[in-house]
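The analysis underlying the following values was restricted to heavy atoms, covering all of them including side chains, and did not include hydrogens, waters or symmetry mates. Position 1 is the first residue of the sequence, and the numbers go up from there.
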Amino acid sequence: MKKRTDETGLVHAMFDLKGKVALITGGASGLGKAFGEALAEYGADIAIADIDEITAKETAEQIKNMGRRALVARCDVTRPDEVQNTVKKTVDHLGSVDILINNAGVTAKGMRIHEMPLEAFDKVIDIDLRGVFICTRAVLPVMLKQGKGVIINIASAYSLRAFSNICELKPNAPYITAKSGLIGLTKETAVEYAKDGIRANAIIPGWFQGTKLTAAMQAPEYAAFTKQYDQTVFTLTPMARKGEPDELKALAVYLASDASSFVTGQYFVVDGGITI
């Protein structure tokens, strides 16, 4: 994403994130990495919280090469102690947490509710919903002390509609439950902390290239399934394609910056029309 500049060559003040610190869960790869790159392009320093430390360090080096500070914290969002340590480490080394992007998430193997193992349901809820609550709860005291902050939750097209059968993925009750719950959590956070200068919004992506699921499906043994899967997604999506991570960057910058200073409790759909 190219930074828009005025005639003096300076980034417009509304979108300028210089001096801000963004903590991004699941920030090592996929959409999380794209969010980190976007915010760094506009001046933010980035803390990458991820269970994949090797990839996180590689991403951090890329951020540093952009002239920004970057920090890596090994963090399992289901563990309150690790999350609290990550927030402390970010504040200690980078000075604050101005922006939190709750991006870490997993899905389950699709199957009907009566076939779904309880442990599979619990795992998705634990990471995708409870994990967001844990991270939000951990950063709020920092933001309250600062008197300002931005929280961006990454939901899903599943937040708005159910998909009864996409190839072999089939229905996915844990994922739709967690991602739908994120919308409610976003609204509640926005209402509770609006007078404290803290805003909370959500991004609802459709199907995107560059995610961990997409990467896993590139293996040769999944070739036939991947072709069928992609064709189904293309058929369901009016724009007949998947999104590219870069197509989410501008929205992330908008929500993280003062350009959206009067926006809170909202969700923004970027899905090529699949939820229409």
Side-chain angles (χ1 to χ4, degrees), residues 1-50 56 59-73 86-87 89-104 135-136 138-140 142-154 186 189-190 193-194 196-203 205 245-266 268 270:
M1 182 179 69
K2 231 177 149 183
K3 288 192 286 188
R4 293 191 177 276
T5 58
D6 60 21
E7 62 275 8
T8 66
L10 299 175
V11 177
H12 195 293
M14 282 196 299
F15 299 95
D16 190 4
L17 297 175
K18 188 175 181 180
K20 304 291 186 181
V21 174
L23 171 59
I24 305 174
T25 68
S29 59
L31 299 184
K33 179 182 179 182
F35 294 137
E37 291 171 345
L39 271 55
E41 285 175 12
Y42 278 76
D45 297 320
I46 309 296
I48 302 167
D50 207 299
T59 299
E61 285 304 311
Q62 294 175 22
I63 298 295
K64 290 176 182 177
N65 289 337
M66 297 169 66
R68 308 314 312 163
R69 294 183 298 166
L71 173 73
V72 172
T86 294
V87 172
K89 183 177 180 180
T90 302
V91 173
D92 288 347
H93 290 268
L94 299 181
S96 66
V97 179
D98 302 289
I99 303 154
L100 169 66
I101 300 185
N102 284 308
N103 171 73
C135 292
T136 300
V139 302
L140 280 170
V142 177
M143 292 181 173
L144 285 168
K145 185 176 181 180
Q146 296 169 172
K148 59 183 178 178
V150 173
I151 297 169
I152 303 172
N153 296 326
I154 308 305
T186 299
T189 305
Y193 296 96
D196 298 298
I198 299 168
R199 298 186 293 110
N201 293 290
I203 295 175
D246 280 0
E247 293 178 292
L248 287 170
K249 285 184 172 182
L251 178 56
V253 171
Y254 168 72
L255 292 176
S257 70
D258 288 342
S260 60
S261 58
F262 200 52
V263 178
T264 195
Q266 305 303 311
F268 295 79
V270 189

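- Here Asp246 pairs with Lys249 in a salt bridge; the nearest charged N to carboxylate O distance falls below 4.0 Å.
- No donor-acceptor distance shorter than 3.5 angstrom exists from the side chain of Thr264 to the backbone of Arg199, with no hydrogens or angles considered.
- Every residue meeting the side-chain hydrogen bond (donor to acceptor under 3.5 Å, both in side chains) condition with Thr186, not counting sequence neighbours, appears here in chain and number order: Asn153.
- The line from CD of Glu37 to CE of Met66 is 6.5 Å long, rounded to the nearest 0.5 Å.
- We find the CD1-CZ distance between Ile24 and Phe35 to be 8.0 Å, quoted to the nearest 0.5 Å.
- In this structure, the side chain of Ser260 engages the main chain of Leu255 through a donor-acceptor pair within 3.5 Å.
- Side chain of Asp16 to backbone of Lys18: a donor-acceptor contact under 3.5 angstrom is found.
- Here the closest heavy-atom approach between residue Val263 and residue Tyr254 is recorded as CG2-OH, 3.5 Å.
- Between Leu100 and Met143 there is a side-chain heavy-atom pair separated by less than 4.5 Å.
- Between Asp258 atom CG and Leu17 atom CG the span is 8.5 Å, to the nearest 0.5 Å.
- In plain terms, the two heavy atoms of Asn201 and Gly265 that are nearest each other are OD1-N, 3.2 Å.
- Under the side-chain hydrogen bond (donor to acceptor under 3.5 Å, both in side chains) criterion, Glu247 pairs with Arg241, not counting sequence neighbours.
- Scanning all heavy atoms of the two residues, the minimum distance from Cys135 to Asn102 falls at CB-OD1, 3.3 Å.
- Here the CG-CD1 distance, from Leu31 to Ile154, works out to 7.5 Å after rounding to the nearest 0.5 Å.
- Checked by atom type and distance alone, the side chain of Ser96 never pairs as donor or acceptor with a backbone atom of Val91 at under 3.5 Å.
- In terms of heavy atoms, Ile152 sits closest to Ala256 at CD1-N, 3.9 Å.
- Closest approach of Thr59 to Gly27, counting heavy atoms only: CG2-O, 3.9 Å.
- By the 4.5 Å heavy-atom criterion applied to side chains, Val21 and Leu71 are not counted as neighbours.
- The backbone N or O of Leu144 lies less than 3.5 Å from no partner atom in the side chain of Gln146, so there is not a single donor-acceptor pair.
- The two residues Thr90 and Ala47 make their nearest non-hydrogen contact at OG1-CB, 3.6 Å.
- Side chain of Arg68 to main chain of Gly43: a donor-acceptor pair is present (N/O by atom type, distance under 3.5 Å, no hydrogens or angles).
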field: Leu39/Val253 under side chain to side chain contact (heavy atoms under 4.5 Å, CB included): CA gap, chis, key distance, verdict
entry: CA-CA 6 Å; Leu39 271 55; Val253 171; 4.3 Å; yes

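- Atom CG of Leu94 sits about 9.5 Å away from atom CG of Leu23, to the nearest 0.5 Å.
- Looking at residues two or more places apart in sequence or on another chain, you find a side-chain contact (heavy atoms from CB on, under 4.5 Å) between Ala104 and Thr25, Val77.
- Ile151 is listed as a side-chain neighbour of Leu140, based on a closest heavy-atom distance under 4.5 Å.
- Here CD1 of Ile46 is found 7.5 Å from CD1 of Ile101. Values are rounded to the nearest 0.5 Å.
- No donor-acceptor pair closer than 3.5 Å links the side chain of Asp50 to the backbone N or O of Ala56.
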